[in-house]
Colleague: 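This is the structure I have questions about; it appears just below.
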There are 2 protein chains.
Amino acid sequence: MYTVSTRRPLNRDRVIQAAVAYADARGLDELTMRGLAAELGVVPMALYKHVADKYDLVGGMIDAVVASYRTPTETGWQARLRERVLNARERVSWHPWLRSAIESRDAPTATVLGYQNAVAGELIESGLAVDLVHHALHALGHRLWGFSPEAFRGAAAAPSVAEQATQLAERLPYVVAIAVDAGSRTRSGACDDDAEFAFTLDLLLDAFARLHERGWESGPRLSG
Amino acid sequence: MYTVSTRRPLNRDRVIQAAVAYADARGLDELTMRGLAAELGVVPMALYKHVADKYDLVGGMIDAVVASYRTPTETGWQARLRERVLNARERVSWHPWLRSAIESRDAPTATVLGYQNAVAGELIESGLAVDLVHHALHALGHRLWGFSPEAFRGAAAAPSVAEQATQLAERLPYVVAIAVDAGSRTRSGACDDDAEFAFTLDLLLDAFARLHERGWESGPRLSG
DNA sequence: ACCTGAACACCGTTCAAGT
DNA sequence: ACCTGAACACCGTTCAAGT
């Protein structure tokens with residue numbers, strides 16, 4: 001008899017890639033330490049040498065996917081933003097579990113925060129004021145990100161970023177700029193959710209009013 | 001000795017109200033049939049006489065909250081839509097578990113579908129074309145609903161509605177109108193997600209371009 | 001009609017032990 | 001250094017039995 005599976009030793013990357021494939025095939029709810037272990041031909045406890053716990057495993061899955069997002073190749077903020085949104089949409093369609101995985105966390109992973117910074121950078125570098133960029137990102141919501149920035153459970157991402165601003169400013173300049181700007185408007189140093197919400201709502205109502213006036217049949221086209 | 005808790009017999013409503021209070025206090029993840037039973041001073045299996053299973057319990061919780069949404073009192077589609085959005089936001093803040101509860105389902109509950117119909121009605125009755133209303137609802141996304149209409153797992157809500165259109169048309173005229181209109185544009189009779197996405201993206205990019213041009217400092221104000 | 005007790009098939013995770 | 005076995009404290013849910 002031959003040994004069919006040449007048991008390469010497990011490592012963090014193999015565990016995470018297997019978990020991604022598992023969730024792609026059966027969904028996040030079906031992803032279980034025991035099931036994943038069985039898939040890898042190993043006893044459940046073997047996974048815990050490579051992954052702290054299930055929360056850590058899911059974090060690794062998120063980072064693996066988000067780190068693979070493409071950097072836009074076009075020039076011009078609209079074209080680049082468009083590329084990013086469509087790319088994010090594509091990734092979410094490949095990994096339908098991604099959105100709820102990201103939203104299940106208390107705070108964004110470092111990789112997700114880096115992505116948020118890159119997107120903010122596109123708009124800030126285009127010359128848009130920092131507070132407007134902040135609003136714009138909320139308005140794009142989960143269409144941009146493939147998830148909802150408001151959805152983090154702790155909702156404390158912005159203040160915690162603001163606290164460590166000096167250390168983070170170099171690595172995540174745009175995210176820090178937004179957090180600091182938003183914090184300067186409130187006593188607590190946190191993002192003013194109500195003001196932010198009101199802005200987005202008005203922005204959308206205004207856009208609908210324009211649709212109404214013009215009787216557009218197929219919507220505004222910016223490119224092509 | 002007195003009997004301290006006058007054990008009123010359980011009923012569906014008491015079970016659901018207790019579950020809502022439980023989730024409000026500890027979150028949806030902590031809501032467990034066993035824990036809820038303990039809270040009610042009853043053995044876990046007693047709950048199953050009033051609720052088919054946990055899925056049914058959560059459905060009941062959703063319906064209880066959404067059924068309590070206020071009908072707007074203002075006149076004019078913008079003011080009414082605004083009222084609805086702010087009311088939905090308020091409810092989600094009271095019941096932080098609501099959004100993920102709704103999104104965890106394969107399809108909207110009847111009560112949620114009725115709410116969607118009411119909101120669609122505001123815009124359709126304002127004179128906006130049905131396909132534009134469809135787009136507008138997607139653009140409002142979870143800010144309007146307190147959840148994301150795209151997020152239903154089956155994503156098959158629209159086609160299934162279209163199939164039963166004749167029976168449903170009376171009860172849910174606006175939702176049916178949107179489903180039928182969207183279905184008429186595609187072979188499958190399903191909503192054309194890509195076209196819908198492109199429209200929303202363009203709408204938002206256009207709104208940002210206007211912000212850019214005008215250098216708005218505090219956003220557009222429509223009311224007050 | 002309504003509630004109970006014991007059981008089944010699952011979870012994530014620990015600890016001490018194997019190689 | 002890496003994997004295992006047995007166990008612990010949980011889940012949702014079934015079935016047959018109690019009152």
Colleague: Does the ring of A:Tyr115 carry A:Arg84 above it, NZ/CZ under 6.0 angstrom from centre and within 45° of its axis?
Modeller: no
Colleague: Using a 4.0 Å cut-off on protein heavy atoms (strictly under), produce a 5'-to-3' string for nucleotides 6-19 of chain C with B for base contact, S for backbone-only sugar-phosphate contact, and - for none.
Modeller: -B---BBBBB----
Colleague: Show me the pairs that pass salt bridge (Lys or Arg N to Asp or Glu O under 4.0 Å) and involve residues 39-58 of chain B, at least two apart or across chains.
Modeller: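 The answer is B:Arg12-B:Asp56, B:Arg26-B:Glu39.
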Colleague: Distance from B:Glu122 atom CD to B:Leu81 atom CG, nearest 0.5 Å?
Modeller: 7.0 Å
Colleague: If you round to the nearest 0.5 Å, how far is CD of A:Glu90 from OH of A:Tyr69?
Modeller: 10.0 Å
Colleague: Is the backbone N or O of B:Val58 less than 3.5 Å from a side-chain atom of B:Arg105, with the two atoms forming a donor-acceptor pair by type?
Modeller: no
Colleague: Rounded to the nearest 0.5 Å, how far apart are CH2 of A:Trp97 and CG of A:Asp29?
Modeller: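 Rounded to the nearest 0.5 Å, the CH2-CG separation comes to 13.0 Å.
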Colleague: Within the 3.5 Å criterion, strictly below it, is a donor on B:Trp94 or B:Asp24 matched to an acceptor on the partner's side chain?
Modeller: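 No, B:Asp24 and B:Trp94 have no side-chain donor paired with an acceptor closer than 3.5 Å.
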Colleague: Would you please enumerate the stems DNA chain C participates in, each stem being three or more consecutive Watson-Crick or G-U wobble pairs with both distances under 3.5 Å?
Modeller: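 Ordered by first number, the stems with DNA chain C (at least 3 consecutive pairs each) read C:4-8 with D:12-16, C:12-16 with D:4-8.
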Colleague: Does B:His50 make a side-chain N or O approach to OP1 or OP2 of C:dC3 shorter than 4.0 Å?
Modeller: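 Yes, such a contact exists.
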Colleague: For B:Glu74, does its backbone N or O pair with a side-chain atom of B:Arg80 as donor and acceptor, under 3.5 Å?
Modeller: yes
